[in-house]
Structures are given as C-alpha cells and as structure tokens.
There are 2 protein chains.
Amino acid sequence: MNSLEEVEDFVRNGHRHYLPHLSIDPVIFGYHDQQLKILLLNWKGLNGWGLPGGFIQRREPLSQAAHRILQERTGLENVFLQQFHTFGDSPYRLQERNPREFFEKYGVDMGEDNWLFERTLSVGYFALVDYSKVNVRTDFFTQNYQWCDVKEIPSLLFDHNEAVDKALATLRLQIYHQPIGYKLLPEKFTLPEIHTLYETILGKELDPRNFAKKLVALGLIKKLAEQRAIGPHRSPYLYQFEKETYEDALKQGIVHTY
Amino acid sequence: MNSLEEVEDFVRNGHRHYLPHLSIDPVIFGYHDQQLKILLLNWKGLNGWGLPGGFIQRREPLSQAAHRILQERTGLENVFLQQFHTFGDSPYRLQERNPREFFEKYGVDMGEDNWLFERTLSVGYFALVDYSKVNVRTDFFTQNYQWCDVKEIPSLLFDHNEAVDKALATLRLQIYHQPIGYKLLPEKFTLPEIHTLYETILGKELDPRNFAKKLVALGLIKKLAEQRAIGPHRSPYLYQFEKETYEDALKQGIVHTY
DNA sequence: TCAAAAGTGTTAAGAATACACCCATGC
DNA sequence: GCATGGGTGTATTCTTAACACTTTTGA
C-alpha cells in the first residue's frame with residue numbers, strides 16, 4: 001500500500017475485503033546483539049510511534065491473518081507467533097475512531113460512515129524474531145520505523161503501551177513454561193549466547209553455572225565437540241538444541257525456574 | 001429476550017446496538033458438592049448443546065460486556081472472570097454463518113444481509129462460580145440448560161468443545177500461579193473442602209498433608225479456633241483465606257506446584 | 001465399639017541458590 | 001605475559017514427594 005491509488009481503494013473498499021471492528025497489532029520482539037527490541041512505526045499523520053497493524057480478511061483464519069500481517073511487514077515466515085490478549089477496554093478502543101484528520105492530510109475523501117471510523121478492537125499477538133534478518137517494509141502511512149529497546153519504550157499511540165507491557169509480561173512468564181531461542185540463535189550457538197538471550201528477555205541476571213546446568217538437565221541443549229574461535233579469548237564450545245525435547249517442551253509445557 | 005417481538009427487534013436492529021463479527025461465549029465453571037461442571041444451553045433451533053453467548057454493545061468495554069453477559073445468564077455479579085483466548089480459526093469461525101434455517105423456524109424474516117449471518121469471531125472468557133447460587137435464565141432461543149460435569153462434556157455446537165478444552169487447560173495452569181477459591185467456598189471452610197476443590201479442578205489427587213502445608217506456608221489460609229460439627233465423625237477445623245496474601249498472589253502471581 | 005472422616009510429622013530425594021577459581025586464546 | 005572472556009564443581013538451603021497411623025465423633 002504505497003501509492004495514493006492503493007490507499008484510496010483501501011479506504012473506500014477495504015470493508016469488502018476486511019472485517020471491520022477488528023485489527024491485529026503485533027508486538028514484534030527482535031533480538032540481536034544481546035538486545036531485545038520491538039518494532040515501532042512512525043505513523044505519519046499521527047506524528048507518533050505505534051505498533052504495526054493490519055486487518056483480517058473476511059475469509060481468513062485469525063492466526064493466518066497474524067502470520068500474513070507479520071510477513072507483509074517483515075518478510076519473515078515461520079515465525080514464533082502467539083496470541084496473548086484481545087484489547088477492548090481502553091478509551092481508545094471504545095470510541096468510534098476519528099482518523100478523519102489523519103486521512104484528510106492525504107487528500108482522501110472518506111465520507112461520513114467510512115468503515116475505518118468505527119470502533120476497533122485489537123487481537124494482540126507477539127512474535128519473536130532475529131531482527132538482523134528482518135527487512136521492514138513501510139508503506140504510505142508509515143515511512144519511518146525503529147527497533148526500540150524494550151527498556152526505552154516511549155509513549156506510544158493509542159493503547160499500544162498496554163499491549164507492549166502485556167506482551168512482555170506474557171513472554172517472560174512463558175519462558176518458564178516453554179523453551180525459546182530456536183529461531184533466535186544460529187543452529188550452533190555458544191553457552192554465553194543463549195545465556196545472554198535469556199538474561200535479555202527476562203531483564204535480569206542468571207547465574208551462568210546454574211543456567212547451563214538447568215538447560216542441559218532439561219535436555220533442551222547438547223554440547224558439541226566443536227568450538228568457535230572468538231579472537232583473543234578462550235574458545236567457547238558449541239551447543240545445539242535437542243529438537244525432540246525442545247518440541248515436546250513446546251507442546252506439553254514445563255514448570256520450572258532458571 | 002423472551003418474546004417474539006424482542007427477538008424480531010434483536011434480529012433486525014441488533015446491529016445498531018451491538019458490534020457485528022464478534023461475540024463472547026463464556027465458559028462458566030460451576031463448582032458445588034465436589035463437582036466441577038460447566039453451564040450448557042440447549043439451542044432450540046439447532047438441537048444441540050452449546051455455550052451461552054452474547055454480543056458486545058457498541059460503546060461497551062469488552063470486559064464489561066463479558067460481565068454483563070454473565071450477569072444476564074446467571075444473575076451473578078463480581079465473579080472471577082478471565083479472558084483466555086480469541087477464536088477465529090475453526091471452520092465455523094471462517095464462514096459466513098447460516099442461521100437462516102434456525103431463525104426461519106421461528107418465523108422471523110431476516111433478509112439476505114442480516115448482521116447475524118456474518119462471520120463471527122469469539123472472545124473466550126471463563127468464569128468460576130458456585131453453581132448452587134446461580135439462577136440460570138433461559139430465553140427465546142434456549143429453554144433448556146444443564147450443568148454438565150467436565151468429565152462428561154458431550155459433542156458441542158460450533159467450536160465450543162475447543163473453547164471448553166482451552167478454558168479448562170488455562171484454569172489448570174492458572175491455579176499454579178494464582179490462588180482460587182475465594183468465591184467458591186464459604187467464608188469459613190474446612191481443609192477437606194478446599195482440598196477437594198483443588199483436586200476437582202485439577203482432576204487429580206493431591207496429598208492432603210502436603211497440600212495443607214503448602215497453602216499455610218504460602219500464607220493463603222489460616223486456621224481458626226472453631227470447628228464444625230459434621231455428624232458421626234471427627235470435627236474439622238475451620239479456615240479462612242488471608243485476604244491480603246490472597247490478593248497479592250492474585251495480582252503478582254506465584255510460581256509453585258501443589 | 002464401630003465406622004467414617006480428620007488430623008498430623010518425618011524422612012529422603014531433588015531442586016535451587018550461592019559462590020570463586022582456573023583455563024584458553026591471540027596479541 | 002597479559003587482558004579478556006569461557007569454563008567448571010561443591011556445599012547449603014529449601015522444596016517437594018512419599019508415606020501410615022491416631023484421633024474424634026455420633027450412632
């Protein structure tokens with residue numbers, strides 16, 4: 001949706017293709033270089049940062065819509081993506097919207113009862129990706145983006161701060177029940193790498209000895225014979241996820257701490 | 001909604017009051033006499049059992065809608081009610097609905113593009129109530145109801161089995177993170193009572209000694225000096241919830257097992 | 001005195017925590 | 001040889017799990 005024509009078509013005819021009253025605003029967590037960030041877009045007409053978003057096609061399964069929207073924004077497929085809450089309580093989710101000014105800036109005539117003005121609830125999904133592999137695609141409405149560290153989230157548009165907070169809380173609770181990291185680390189990784197990943201996501205320090213013991217005891221990772229040269233330091237061993245144990249844990253859940 | 005006039009008004013004008021495409025179908029867990037049941041309604045025209053349901057008013061916060069729908073069905077207020085998932089993937093949630101036959105049975109002329117025919121996603125909430133305190137209110141569409149033991153759930157209409165399964169799984173996971181029981185037991189209760197409650201919800205046996213130790217160690221309940229006479233058996237002591245600890249645990253969460 | 005249900009304590013195993021030193025590497 | 005980061009083990013504490021007999025009560 002980059003040209004004015006496409007936008008006009010979306011505004012006028014979108015209600016034929018998409019369900020009104022519902023959107024999906026994914027919280028995309030990106031991990032790279034020991035940092036956990038989320039993808040924010042600058043919505044031009046609103047002059048503020050917010051989550052990406054999209055609508056559900058009329059005949060499209062909900063979870064497929066979430067994957068599609070993610071794919072359109074990041075180019076990524078096969079992503080860890082999880083529904084965590086549906087938002088419909090905040091004042092912004094109560095009122096009929098007033099994006100009129102917003103659209104008028106672009107000279108699109110919307111009429112009085114355009115579908116985009118109606119009250120819209122949001123189904124919240126979060127994704128966990130390696131942000132160095134992402135090609136963010138902006139469009140007519142969003143020409144800037146940033147990967148913003150989770151420790152420095154600014155005040156966001158709408159109720160998006162609430163969504164980010166809840167997504168992060170869910171992710172942090174989840175990590176005690178399900179393994180993560182498969183898609184965020186290279187196939188072979190070092191203990192310090194996965195250690196930092198967990199520390200970064202949980203936002204707190206984890207004892208490296210206990211952490212390694214735990215992951216090995218759970219059978220989630222196994223040590224390989226190979227090492228990696230990392231310059232003027234001792235070479236760390238490489239590890240791999242134990243795929244079977246990992247997927248079992250994903251499905252059945254585990255209860256423990258780190 | 002008991003008379004034909006009300007129904008006709010709902011069918012023809014409901015879209016002015018309610019959001020289309022979205023419903024709330026609460027899974028109402030009722031506990032009483034050491035049994036965990038859910039409320040099922042018999043939808044007359046569909047000849048099958050399903051969950052109660054309702055729509056969201058256009059200007060009504062989502063969680064308030066859930067409470068209202070529950071209140072309308074059960075008369076209960078101030079209930080433990082929790083959102084657990086939004087359903088939009090099953091075949092039933094994909095198609096435009098075809099309740100035409102259903103309504104035609106009642107002689108309501110709906111027209112071709114009635115709002116009730118459209119695809120409808122469902123925001124799932126579950127509630128936990130004492131079913132002996134419930135006055136189920138049926139209406140024009142639902143004149144029978146039953147409290148059905150969770151171990152004997154029949155095949156339900158639409159995707160409601162999926163909703164029940166997921167609600168139960170969520171409740172069982174939740175019980176390891178948050179206390180429950182405040183609204184399900186009398187103010188003063190015995191250890192066997194709360195013990196059975198937890199066993200019933202989890203669907204498995206819990207060692208009575210360890211269980212009692214745990215609840216007391218967590219500071220959730222305290223022993224009173226009083227006992228209750230229960231006939232030709234030893235009189236059990238009464239306990240009370242420690243309100244402060246209980247509410248802290250509700251808000252902040254706990255991680256443990258039973 | 002009997003039947004039914006309640007109450008209670010200890011031990012062993014496992015898990016979590018805390019903690020500090022040596023090792024390997026490249027410059 | 002030195003700076004940097006990686007690797008590893010043990011002791012303590014706490015938590016969980018397993019387990020069986022005695023007490024109370026009213027009939």
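Chain letters run A, B, ... following the sequence lines, proteins first and then strands; every chain starts at 1. Everything quoted here is computed from the prediction, not taken from an experiment.
Rounded to an integer number of Å, the gap from CD of Gln227(B) to P of dG26(D) is 10 Å. For Arg228(A) and dG5(D), the CZ to P distance is 16 Å, given to the nearest whole Å. Summarising the geometry, the separation between CD1 on Ile194(A) and C1' on dG6(D) is reported as 16 Å, rounded to the nearest angstrom. The distance from atom CD of Glu226(A) to atom P of dG6(D) is 18 Å, rounded to the nearest whole Å. Spacing between atom CG of Leu224(A) and atom P of dG6(D) amounts to 17 Å, rounded to whole angstrom units. The distance between atom CZ of Phe211(A) and atom P of dT17(C), rounded to the nearest whole Å, is 13 Å. The nearest whole Å value for the distance from the CD atom in Glu199(A) to the P atom in dG5(D) is 15 Å.
With hydrogens and angles ignored, the 3.5 Å screen pairs a side-chain donor or acceptor of Thr170(A) with a backbone N or O of Lys166(A).
No hydrogens or angles considered: a donor-acceptor pair under 3.5 Å links the side chains of Asp139(A) and Thr142(A).
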Quick tally for nucleotides 6-15 of chain C: nucleotides whose base has a protein heavy atom under 4.0 Å get B, sugar-phosphate-only ones S, the rest -, giving BSBBB-----

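Here Lys213(A) pairs with Asn210(A) under the side chain to side chain donor-acceptor pair (under 3.5 Å) rule; sequence neighbours left out. For the ring pair (Phe, Tyr, Trp, His ring centres under 6.0 Å) test, residues two or more places apart in sequence or in another chain that qualify with Phe211(A) are His195(A), Tyr198(A), Tyr258(A).
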May I have the step-by-step check of salt bridge (charged side-chain N to carboxylate O under 4.0 Å, His left out) for Glu162(B) and Arg93(B), ending in yes or no? CA-CA 12 Å; Glu162(B) 195 188 336; Arg93(B) 300 267 166 226; over 6 Å; no

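Atom-to-atom distance recorded for Ile38(A):CD1 and Leu128(A):CG is 12.5 Å, nearest 0.5 angstrom.
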